[in-house]
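One structure is given below, encoded as structure tokens.
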Amino acid sequence: ITIFIDLKANRLKMNVIDHVREMAAAGLHSNVRIISSLLLTMSTNNPELFSPSQKYQLLVYHADAVFHDKEYRNAACKYNMALQQKKVISKTSKVRPSSTGGTASAVQAQNLPSEIEVKYKIAECYTILKLDKDAIAVLEGIPSRQRTPKINMMLANLYRKAGQERSAVTSYKEVLRQCPLALDAIIGLLSLSVKGAEVASITMDVIQSIPNLDWLSVWIKAHAFIHGGDNQRAINTICSLEKKSLLRDNVDLLVTLADVYFRAGDTKNSILKFEQAQMLDPYLIKGMDVYGYLMAREGHLEDVEVLGGRLFNISDQHAEPWVISGCHSFYSKRYSRALYLGAKAIQLNSNSVQALLLKGVALRNMGRVQEAIIHFREAMRLAPCRLDCYEGLIDCYLASNGIREAMGMANNIYKTLGANAQTLTILATVCLEDPMTQEKAKTLLDKALAQRPDYIKAVVKKAELLSREQKYEEGIALLRNTLANQSDCVLHRMLGDFLVAVNDYQEAMDQYSIALSLDPNDQKSLEGMQKMEKEESPTDATVELDGDDMEGSGEEGDLEGSDSEAAQWADQEQWFGMQ
């Protein structure tokens with residue numbers, strides 16, 4: 001009873017600002033918004049009612065409540081009003097020092113919301129509103145010695161997005177100086193081409209002083225390989241980490257490993273690792289956009305639809321479920337809808353590489369090549385070691401007869417990332433477009449297949465070249481050897497085409513059937529089968545093998561979209577600013 005009486009007595013001594021502060025601390029945002037709004041109106045009508053410091057507090061608490069309601073432009077305005085009020089406090093405190101000495105003003109200052117925190121909140125509002133320059137200006141207004149780790153981290157990310165790499169590196173290093181285990185800051189530095197050894201040296205003292213952190217230096221090495229484009233060494237390093245008993249079945253490691261397998265062109269292992277991660281964490285969102293893309297590319301559209309619906313139930317405020325649904329639409333040849341979904345994903349996360357690629361291929365297949373090029377270039381800027389970004393841009397150049405630009409890009413990739421199966425195949429793909437460089441293409445593809453005999457894109461391009469030369473028996477042998485170790489819709493369909501060319505109709509029909517069982521939506525296999533069924537006699541059968549029929553499993557279908565669907569989604573495209 002005594003305690004209750006004391007509490008009641010203390011509450012009676014509290015002024016109205018103390019009550020508002022208590023509600024704000026308790027998370028009663030809607031209540032704070034109402035009462036602070038009323039009190040601020042009272043203050044406007046009677047300026048003597050509250051002191052400058054009390055009005056400052058009311059403005060900050062009101063702005064916090066508005067921020068919680070996701071009214072970011074309104075919140076930024078209120079926070080700026082609070083900062084203006086803070087200047088009034090500073091002026092009055094200089095002009096009229098406290099008669100009771102510094103003690104009262106010091107106590108009052110301790111109760112006031114931090115001015116630095118208010119500036120951070122303003123920057124947060126601007127970032128959400130895509131006003132990055134304004135956010136940088138606010139954060140740069142905070143003296144460097146007063147910047148907390150989260151301020152430096154936000155600055156680093158904003159600098160990186162704006163292309164100010166040197167400033168971004170400085171800010172990331174400052175984060176690590178204060179928090180040596182800030183792993184996202186480590187990834188940020190590595191993505192900006194800072195050497196792995198230099199990054200590791202910043203965290204070395206912590207690694208040596210804390211037990212069971214010996215894995216961290218290996219983790220840093222793995223991410224250095226990833227951002228250096230050395231996918232195979234990255235895979236080996238992550239596998240060595242994943243096998244350690246303390247880190248076995250870590251979801252983040254599995255997603256990273258799946259992503260590196262994807263970058264290396266190993267679709268089978270990438271899907272396997274994504275599925276393993278998903279089993280361990282049914283609510284996993286990170287990386288699921290890549291997984292959904294791979295599943296759609298492999299023809300598992302029903303599974304992709306289920307995956308997208310499940311992720312929407314988890315969160316529709318992430319880009320991943322929108323990208324997955326977009327991939328489903330794209331591979332169902334609904335390009336306008338895919339475009340809309342890709343734009344929505346970019347709205348939610350402008351750094352989503354997969355969303356940019358989705359929108360890029362949708363625009364390309366709708367004939368809007370120049371707009372597609374812009375999206376592929378932005379994807380390249382965000383992920384300079386992801387070859388699919390370059391492939392998309394090269395496809396756009398080739399679609400607009402820009403063979404010289406495509407060749408320049410392919411040569412640049414080859415020189416920058418080295419002669420591996422993927423870069424050799426990309427260069428060969430461009431060479432195949434020029435009659436003068438057919439022999440060079442053949443040499444490049446042979447080198448690629450010597451490194452990785454199971455690399456499907458190289459097999460597809462080599463088969464395309466053999467069909468041009470009418471070397472059908474050699475093409476059949478190549479495809480049979482590849483299919484002995486893996487099953488792929490495009491390879492089975494191409495083998496069917498080659499078998500038709502040598503008049504082996506029965507097995508050709510079998511190969512088309514296998515292709516359709518792997519991807520029921522593969523129109524070219526269906527057309528091949530229907531063409532054979534319409535032939536009156538086997539002796540009259542002929543086959544047309546062209547570049548379009550020989551597209552790899554990573555290609556994205558026909559260029560014709562649905563006019564009716566384009567009209568249906570036109571309003572949404574304008575709404576999301578896609579024109």
Side-chain angles (χ1 to χ4, degrees), residues 67 79 113-228 234 238 241 247 250 252-253 255-256 259 286-287 349-353 381-385:
F67 182 91
Y79 282 127
S114 166
E115 185 178 349
I116 293 172
E117 184 64 24
V118 171
K119 289 182 178 180
Y120 177 81
K121 282 288 189 180
I122 293 172
E124 204 170 1
C125 291
Y126 287 152
T127 302
I128 294 168
L129 294 167
K130 306 288 191 293
L131 302 172
D132 293 346
K133 289 183 179 179
D134 293 330
I136 289 173
V138 171
L139 295 176
E140 285 181 337
I142 302 171
S144 56
R145 290 185 179 181
Q146 295 179 21
R147 292 175 190 170
T148 61
K150 71 176 182 180
I151 289 172
N152 280 312
M153 190 70 189
M154 181 182 278
L155 257 179
N157 290 332
L158 288 167
Y159 282 141
R160 180 183 167 194
K161 189 176 177 182
Q164 300 178 42
E165 295 188 359
R166 186 173 297 178
S167 298
V169 167
T170 302
S171 295
Y172 280 131
K173 285 182 176 179
E174 190 60 29
V175 173
L176 285 176
R177 188 186 67 79
Q178 297 170 295
C179 303
L181 295 180
L183 300 189
D184 200 32
I186 288 175
I187 292 173
L189 282 173
L190 294 171
S191 71
L192 293 169
S193 302
V194 178
K195 299 293 183 183
E198 182 182 348
V199 176
S201 66
I202 301 173
T203 63
M204 192 57 66
D205 291 340
V206 176
I207 294 173
Q208 292 175 347
S209 62
I210 299 177
N212 298 319
L213 271 186
D214 55 313
W215 54 267
L216 184 54
S217 58
V218 183
W219 184 92
I220 293 172
K221 186 187 295 185
H223 282 273
F225 286 141
I226 292 171
H227 292 286
I238 296 170
L241 267 180
L247 293 176
N250 176 266
D252 284 327
L253 273 182
V255 170
T256 302
D259 187 62
K286 181 184 176 183
N349 181 6
S350 59
N351 291 327
S352 172
V353 174
R381 187 186 70 80
L382 292 170
C385 291

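- Atoms CG and NZ, from Leu139 and Lys119 in turn, are 10.0 Å apart once rounded to the nearest 0.5 Å.
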Derivation of the side chain to side chain contact (heavy atoms under 4.5 Å, CB included) call for His227 and Ile187
CA-CA 9 Å; His227 292 286; Ile187 292 173; 3.7 Å; yes

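- Here the closest heavy-atom approach between residue Gly196 and residue Leu190 is recorded as CA-CD2, 3.8 Å.
- Legend: residues meeting side-chain contact (heavy atoms from CB on, under 4.5 Å) with Ser114, ordered by chain and number and at least two apart, are Ile116, Glu117.
- Nearest heavy atoms, Asn250 versus Leu253: OD1-N, 2.9 Å.
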Side-chain atoms of residues 123-131: list all donor-acceptor pairs with protein atoms under 3.5 Å, sequence neighbours left out, distances to 0.1 Å.
| from | atom 1 | to | atom 2 | distance (Å) |
| --- | --- | --- | --- | --- |
| Tyr126 | OH | Asn80 | ND2 | 3.4 |
| Thr127 | OG1 | Ala123 | O | 2.8 |
| Lys130 | NZ | Gln347 | O | 3.2 |

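- Rounding to the nearest 0.5 angstrom, the gap separating the CZ atom in Phe67 from the NZ atom in Lys121 is 4.0 Å.
- Within the structure, side-chain hydrogen bond (donor to acceptor under 3.5 Å, both in side chains) pairs that include any residue of residues 179-196 comprise Arg160-Ser191 (at least two apart or interchain).
- Among Val194, Leu181, Ile220, the single residue meeting the side-chain contact (heavy atoms from CB on, under 4.5 Å) criterion with Ile186 is Ile220.
- Ile151 CD1 to Ile142 CD1: the interatomic distance, rounded to the nearest 0.5 Å, is 3.5 Å.
- Residue pairs meeting the ring pair (Phe, Tyr, Trp, His ring centres under 6.0 Å) criterion with at least one member in residues 181-225, sequence neighbours excluded: Trp219-His223.
- Applying the side chain to side chain donor-acceptor pair (under 3.5 Å) criterion to Asp259, with sequence neighbours excluded, gives Arg263.
- Checked against side-chain contact (heavy atoms from CB on, under 4.5 Å), Arg381 has the following partners two or more places apart in sequence or in another chain: Lys161, Glu378.
- For Ala185, the side-chain contact (heavy atoms from CB on, under 4.5 Å) partners two or more places apart in sequence, or in a different chain, are Met153, Tyr172, Val175, Leu176, Ala182.
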Apply the test side chain to side chain contact (heavy atoms under 4.5 Å, CB included) to residues Thr256 and Ile226: give CA-CA distance (whole Å), side-chain angles for both, the deciding distance (0.1 Å), then the verdict.
CA-CA 9 Å; Thr256 302; Ile226 292 171; 3.7 Å; yes

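- Of all heavy-atom pairs spanning Ala135 and Leu158, the tightest one is CB-CD1, 3.8 Å.
- Looking at residues two or more places apart in sequence or on another chain, you find a salt bridge (charged side-chain N to carboxylate O under 4.0 Å, His left out) between Glu198 and Lys173.
- Partners of Lys221 according to the salt bridge (charged side-chain N to carboxylate O under 4.0 Å, His left out) rule, which considers only residues two or more places apart in sequence or in another chain, do not exist here.
- Counting heavy atoms from C-beta on, the side chains of Gln178 and Thr148 never come closer than 4.5 Å.
- With sequence neighbours excluded, no residue forms a side chain to side chain donor-acceptor pair (under 3.5 Å) with Glu115.
- Taking both residues in full, the closest heavy atoms of Ser217 and Ile207 are given as N-CD1, 4.0 Å, listed atom of the first, atom of the second, then distance.
- The side-chain contact (heavy atoms from CB on, under 4.5 Å) check on Pro384 picks up Tyr390, with sequence neighbours excluded.
- Among residues at least two apart or in separate chains, side-chain hydrogen bond (donor to acceptor under 3.5 Å, both in side chains) pairs with a member in residues 138-147 are Glu140-Tyr159.
- The minimum heavy-atom distance linking Ala156 with Ser171 is given by the pair CB-CB, 3.6 Å.
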